[in-house]
Amino acid sequence: MKNNALKIVLVSGARPNYMKIAPIVWAIRRLNRRGGAPIQSLLIHTGQHYDPQLFDVFFRELDLPAPDYCLDVGSGSHTHQTARVMERLEPILQQERPDLVVVVGDVNSTVAAALTAAKLQFPLAHVEAGLRSFDRTMPEEINRMVTDLLSDYLFVTEESGKQNLLREGVDPKKIFFVGNVMIDSLQQSRHLWECSTVREELGLTRNVYGVMTLHRPANVDNGERLLKLMQAIAEVASRIPIIFPVHPRTRKQLEAVNRSVPGLQWGRKRVEAKGIYGLEPLGYLDFMALVAGARIVLTDSGGIQEETTFLNVPCLTLRENTERPVTVTHGTNRVIGTSPETIIQETVRVLENPRPALPAPPLWDGNASDRIVSILREKVKGCERSS
Ligand code: UD1
């Protein structure tokens with residue numbers, strides 16, 4: 001790469017980061033192929049997620065290059081994870097001296113990398129800035145707020161993100177409403193996930209099953225709470241089979257409560273009857289294929305609220321709030337909390353009404369990463385490098 005190249009460090013840490021980093025990597029590749037001032041990108045994976053199902057599969061399926069550096073931080077308390085990323089990232093940034101560090105989303109690795117970059121005075125970009133649940137009991141809310149405070153370029157996915165940042169006093173010149181990079185991944189890999197055979201393998205046809213994911217500490221870390229939630233889902237699953245790819249955190253807790261959930265069976269097998277089908281975490285392509293064909297999705301994830309909005313799949317969010325309000329005002333999402341009665345009532349409502357057909361939210365058009373890369377190429381070269 002030529003010396004005048006803009007040198008960017010991209011940081012990934014956990015599963016929801018990969019589909020946000022990938023389209024930026026693809027956009028850089030496209031831009032470099034077209035010629036003009038090149039961009040050199042280095043990928044650093046912190047290792048917050050390390051299981052093959054939460055890491056390798058995604059890198060392969062999303063055509064991400066092997067990371068240039070792996071920090072192997074692994075699991076631990078939030079403080080431990082954050083501190084370890086900072087400790088291990090610092091010498092790499094000092095050695096590589098990038099023009100810019102790019103972080104995405106809201107996981108512990110995001111805030112850790114943001115802090116490290118800011119303390120070393122490297123310019124920082126946050127992709128998916130400005131989202132707020134206004135619930136500081138969520139670890140991600142703290143991560144989002146701190147990361148935004150430290151960022152020089154804030155790329156927002158929806159109008160609420162811009163308004164939140166302005167209210168917090170962020171200089172409007174730093175805010176760029178570019179759309180949603182997760183939707184870029186979804187669109188640009190559509191030809192691949194549409195070829196997934198997971199539905200055939202599980203014996204499912206479109207619209208005859210639901211998909212569920214659960215991993216938020218508030219929902220899964222307390223065994224009794226989780227059991228109550230699962231009992232409500234069992235009721236739902238007596239109406240429609242529920243495919244449930246299980247996050248390791250949730251699996252551990254389900255094993256720890258050691259009491260059977262009615263109708264829950266484990267293993268990737270053909271769905272012959274109603275019930276809950278617990279599977280290992282799925283890769284990106286199989287998961288998107290399943291979601292796209294689902295009659296209903298129940299989730300506590302942030303990203304899945306957005307993917308279902310784009311795919312026009314009704315989504316019930318099992319949380320008290322969302323940091324992604326456009327999925328409710330402009331999409332298919334309803335934030336319904338975790339009361340068993342409401343979960344059952346809302347599911348029945350969805351099943352009895354046809355699937356909606358709504359236009360995508362503004363700028364969710366598959367081109368957000370191209371916008372981000374052009375803005376960075378235009379603006380960052382003028383940025384001060386730390387001495
Ligand atoms: C993290 C993110 C969350 C994101 C989620 C997606 C934070 C605060 N949370 O939550 O925002 O939605 O990823 O998955 O950053 N574990 C494994 N294998 C792994 C990684 C973790 O078994 O590869 C187990 C470990 O026992 C660990 C637990 O899962 O203690 C939780 O992992 P952690 O990285 O702390 O947070 P997540 O719940 O995955």
Side-chain angles (χ1 to χ4, degrees), residues 1 5-22 24-25 28 39-60 62 64-129 138-153 181 215 217 247-249 281 376 380 383 385-387:
M1 191 69 61
L6 175 67
K7 187 172 179 180
I8 293 183
V9 160
L10 303 164
V11 182
S12 78
R15 183 171 61 177
N17 286 165
Y18 315 141
M19 51 295 263
K20 296 169 192 166
I21 288 283
I24 300 174
V25 170
I28 291 173
I39 295 183
Q40 180 193 1
S41 63
L42 289 176
L43 182 56
I44 301 185
H45 181 58
T46 67
Q48 175 174 344
H49 282 176
Y50 44 87
D51 275 2
Q53 281 304 105
L54 298 186
F55 169 54
D56 306 58
V57 175
F58 285 81
F59 266 61
R60 201 173 55 244
L62 290 166
L64 277 164
D68 297 281
Y69 296 93
C70 274
L71 308 184
D72 295 324
V73 299
S75 300
S77 74
H78 290 246
T79 309
H80 171 94
Q81 232 170 22
T82 309
R84 269 194 145 177
V85 172
M86 291 183 71
E87 221 170 62
R88 294 180 185 186
L89 182 58
E90 181 177 53
I92 298 172
L93 293 186
Q94 280 168 327
Q95 187 192 314
E96 294 289 351
R97 311 199 57 71
D99 294 301
L100 178 80
V101 175
V102 178
V103 297
V104 299
D106 56 15
V107 302
N108 288 340
S109 300
T110 308
V111 72
L115 276 162
T116 315
K119 284 188 176 287
L120 293 171
Q121 311 266 302
F122 290 113
L124 176 68
H126 184 203
V127 174
E128 203 186 84
M138 279 180 83
E140 294 80 2
E141 182 74 353
I142 311 277
N143 296 345
R144 290 189 277 260
M145 290 167 64
V146 174
T147 304
D148 286 343
L149 188 69
L150 300 173
S151 294
D152 304 289
Y153 302 90
V181 288
H215 76 280
H247 187 283
R249 176 181 206 116
L376 291 178
V380 178
C383 262
R385 289 271 299 268
S386 65
S387 56

With sequence neighbours excluded, give me every salt bridge (charged side-chain N to carboxylate O under 4.0 Å, His left out) pair touching residues 111-128.
-> Lys20-Glu128, Glu128-Arg324
Candidate list Tyr69, Tyr18, Phe58, test ring pair (Phe, Tyr, Trp, His ring centres under 6.0 Å), partner His45, passing option | Tyr18
Minimal non-hydrogen separation, Leu124 against Ser151, with atom names = CD2-OG, 3.6 Å
In Å, rounded to the nearest 0.5 Å, how long is the span from OH of Tyr50 to CD of Gln48?
-> 10.0 Å
What distance do Arg144 atom CZ and Glu141 atom CD have between them, rounded to the nearest 0.5 Å?
-> 4.5 Å
What side-chain donor-acceptor pairs closer than 3.5 Å can you find for residues 84-94, not counting sequence neighbours?
{"from": "Arg84", "atom 1": "NH1", "to": "Val73", "atom 2": "O", "distance (Å)": "3.1"}
{"from": "Arg88", "atom 1": "NH1", "to": "Leu71", "atom 2": "O", "distance (Å)": "2.8"}
{"from": "Arg88", "atom 1": "NH1", "to": "Asp72", "atom 2": "O", "distance (Å)": "3.1"}

The reported gap from CD1 in Ile44 to OG1 in Thr116 (rounded to nearest 0.5 angstrom) is 9.5 Å
Answer yes or no: is there a donor N or O on one side and an acceptor on the other, between the side chain of Gln53 and the main chain of Pro281, under 3.5 Å?
-> yes
State the CG-OG distance between Leu62 and Ser12, to the nearest 0.5 angstrom.
-> 11.0 Å
Rounded to the nearest 0.5 Å, the CG atom of Asn143 sits from the OG1 atom of Thr110 at a distance of 6.5 Å
Lys7 (side chain) donor-acceptor with Glu96 (main chain) under 3.5 angstrom | yes
Only counting residues at least two apart or in another chain, list the ones meeting side-chain contact (heavy atoms from CB on, under 4.5 Å) with Pro52.
-> Asp56
So how far is it from Leu43 CG to Ile8 CD1, rounded to the nearest 0.5 Å?
-> 12.0 Å
